[in-house]
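What follows is one structure encoded as structure tokens, with my remarks underneath.
Lettering follows sequence order; numbering is per chain, from 1.
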Amino acid sequence: MSLHIYNVLHREKMPFEPLYEGKVHMYVCGPTVYDHAHVGHAKTYISFDVVVRYLRSRGYDVLYVQNLTDVGHLLDSGEDRILKKASQSQALPMQIVETYARSYFEDMDALGVLRPDISPRASGHIPEQIAMIETLIAHSYAYVTERGNVYFDVHRWPEYGKLSNRRLEEQEAGARVDLRDDKRHVEDFALWKAAEPEHILRWDSPWGVGYPGWHIECSAMAKKYLGVTFDIHGGGVDNIFPHNECEIAQSEAANDAPFARFWMLVGSLTVPDEFGIPIKMSKSLGNFYTIKDALKLHRAEVLRTFILTSHYRNPVVFSEEALDGARRGWERLYSAVRLTREKLRTAAPGNAGAAFLDVLAGTRQKFIDALDDDFNAPGGIAALHDLTREVNTLLNSGQPVGQAVLEAIDATYRELGGDVLGIIPDEAAAGSAASAERETGLIRLLVDMRAEARAARDFATADRIRDQLAALGVALEDRADGTVWRAN
RNA sequence: GGCGACGUCGCCAAGUGGUAAGGCAAGGGUCUGCAAAACCCUCACCGUGGGUUCGAGUCCCACCGUCGCCUCCA
């Protein structure tokens, strides 16, 4: 079985072959940076992080582009999101953009989400957007109005609606009509808007001073960095219409070439309302938890585990109960890794217990089979849990296990759980390497002293050390062959 | 109303034709100075009703329920 991806464009799982052998060109719609990111964003970007990590682990050279929207994203009221925030905070628009772009990267870094190769900003690509709009006008796919607005004429593009399965005639009845609009048809969408005097995010264009529509940035930047046709376009399903649909229409009309070959859309994160009904987490509804707040309560690996135990296309309900289950499940995995590494410190050289290498090979195969099947991360995690049972059994059996075998176990967790899923940390230590080393040494010293007390049957001292360490967040577990500790 | 999904053990959740992965919780054991962890055992006829098929969570129809989108949203 080779890698298969569910392609939203065709509504079916299809074998994945990149356009250029060995290379994957991938674009994911990024956030509009006018506020702190929330856990819903985390779901989308962790999901694509695993996609990128897995593709790389399979040997693909991935070029991953994810934009930052910093202009043109309007509210219903016609206000620009960035400008609204700027006037509220009495700051320059670009200060807002800078503040929240930094906040976004901070959060993603903390979540272990690898940075995209390129993070282009809409405001930095105005000429590219203007050029694309000019092409669309030249080919009569777009028109300029008296007021200096430019709209894409969806009736000129029969395939409009092919991603979201929407037909124009079905839209007419429900479409919102804005009397201020000067569109030919209500379904037409803006490529360029003339700026009102108070609109300070403005640029010169062939149609007067104005600013780009929201959708054109993704088309222009994807083309610039990935080419007119590229492999994968991702995003949250909530943007399937109109945003993704408009991207396809304007790109294919302007480039006269297919746009993205595979469309991957991530299911939304929901949060129960006061009646327990799950509602999509979103900024506009105000029912969101910021990533910063979530990270105060749960470590990044646990949040990743929580998100990755559901398939990326499914919606997920954000609840403390589910998060707690994820935490305990993750602890089970990580304890086995910790035990392996602890054993490794004193292991005898050699490959005693080499029969276990077959188990590792089996785990690897199960993991690959799962991820090959449309990035089935839950299946991958299940493979790690199966492995964990075997590892615990082996390491508790009292049989000798050589260094080579322990290293192979550690490497399996490191590669599958660490490199691909990002849920197994390299080292338990936090802080600087030097202080972490010192802390580890101090804990080991106390553990050794406690072992001496236990040997002398001085349980009062032994329990005092264990209790006080527990109060500091360091838990001890006594085993027949010694004590294992873990820090929260 | 239209479009798109979903409904699998108390909770989370895989599984697109061949007698239901995994985690959490729960109960019973083993181990332990105590504890913790670990290991073993137990724990589901897959929303309802029809249909197709030798065989269906898995395909079709209807119904019930839930969510997302319908130009603010990852």
Under the rule for side-chain hydrogen bond (donor to acceptor under 3.5 Å, both in side chains), what residues qualify as partners of A:S123, not counting sequence neighbours?
A:D70
Along RNA chain B (nearest heavy atom to each residue), the more 5'-positioned of A:S335 and A:P315:
A:P315
Watson-Crick or G-U counterpart of B:C31, or none if no pair lies under 3.5 Å:
none
Does A:R444 have more than 12 heavy atoms from other residues, nucleotides or ligands lying within 6.0 Å of its CZ?
yes
Which nucleotide in the list B:G68, B:A14, B:U16 gets nearest to the side chain of A:P378?
B:A14
Closest to the A:P31 side chain: B:A74, B:G4, B:G23?
B:A74
Basic-acidic side-chain contact under 4.0 Å: A:D410, A:K343
no
If we take the P atom in both B:G50 and B:G1, what is their distance in whole Å?
27 Å
Think A:R115 forms a cation-pi with A:F105, using NZ or CZ under 6.0 Å from the six-ring centre and within 45 degrees of its axis?
yes
Starting the side chain at C-beta, find the nucleotide from B:C40, B:A74, B:G22 nearest to A:K280.
B:A74
Watson-Crick or G-U wobble partner of B:U19, both distances under 3.5 Å:
none
Answer yes or no: is there an ion pair linking A:E187 with A:R166, defined by an N-O contact shorter than 4.0 Å?
no
Provide the distance between the two C1' atoms, one in B:A14 and one in B:G22, to the nearest whole Å.
7 Å
Below 3.5 Å between N/O atoms, which protein atoms pair up with nucleotides 32-36 of chain B? Just atom names and distances, please.
{"residue": "B:G33", "atom": "O6", "partner": "A:R454", "partner atom": "NE", "Å": "3.3"}
{"residue": "B:G33", "atom": "N1", "partner": "A:D463", "partner atom": "OD1", "Å": "3.1"}
{"residue": "B:G33", "atom": "N2", "partner": "A:D463", "partner atom": "OD2", "Å": "2.9"}
{"residue": "B:C34", "atom": "O2", "partner": "A:R466", "partner atom": "NH2", "Å": "2.7"}
{"residue": "B:C34", "atom": "N3", "partner": "A:R466", "partner atom": "NH1", "Å": "3.1"}
{"residue": "B:C34", "atom": "N3", "partner": "A:R466", "partner atom": "NH2", "Å": "3.2"}
{"residue": "B:C34", "atom": "N4", "partner": "A:D478", "partner atom": "OD2", "Å": "3.1"}
{"residue": "B:A35", "atom": "N6", "partner": "A:D478", "partner atom": "O", "Å": "3.1"}
{"residue": "B:A35", "atom": "N1", "partner": "A:D478", "partner atom": "N", "Å": "3.0"}
{"residue": "B:A35", "atom": "N3", "partner": "A:R466", "partner atom": "NH1", "Å": "2.9"}
{"residue": "B:A36", "atom": "N1", "partner": "A:D478", "partner atom": "O", "Å": "3.1"}

Select one nucleotide: of B:U16, B:A14, B:G4, the one nearest the side-chain heavy atoms of A:N165.
B:G4
For B:A62, which nucleotide is its Watson-Crick or G-U wobble mate, given both distances must be under 3.5 Å?
B:U48
Selection from B:A5, B:A74, B:A38 that lies nearest to any side-chain heavy atom of A:Y45
B:A74
Partner lookup for B:A26, please. Criteria are Watson-Crick or G-U wobble with both distances under 3.5 angstrom; report none if nothing qualifies.
B:U42
How far does CD1 of A:I307 sit from CG of A:L111, to the nearest 0.5 angstrom?
7.5 Å
Can you confirm whether A:Y225 sits close enough to A:P120 that some side-chain heavy atom of one is under 4.5 Å from a side-chain heavy atom of the other?
yes
Below 4.0 angstrom, N of the basic side chain to O of the carboxylate: do A:E106 and A:R102 qualify?
no
Hunt down the Watson-Crick or G-U wobble partner of B:C69, both distances under 3.5 Å, from any strand shown, or write none.
B:G2
Mapping A:T388 and A:A382 to their closest nucleotides on RNA chain B, which lands nearer the 5' end?
A:A382
Does A:K43 qualify as a cation-pi partner of A:F318, given the criterion of NZ or CZ under 6.0 Å from the six-membered ring centre and within 45 degrees of its axis?
no
What does the list of N/O pairs under 3.5 Å between the protein and nucleotides 63-66 of chain B look like, with a distance for each?
none

Nearest to the side chain of A:D386 - B:A74, B:C24, B:G22?
B:G22
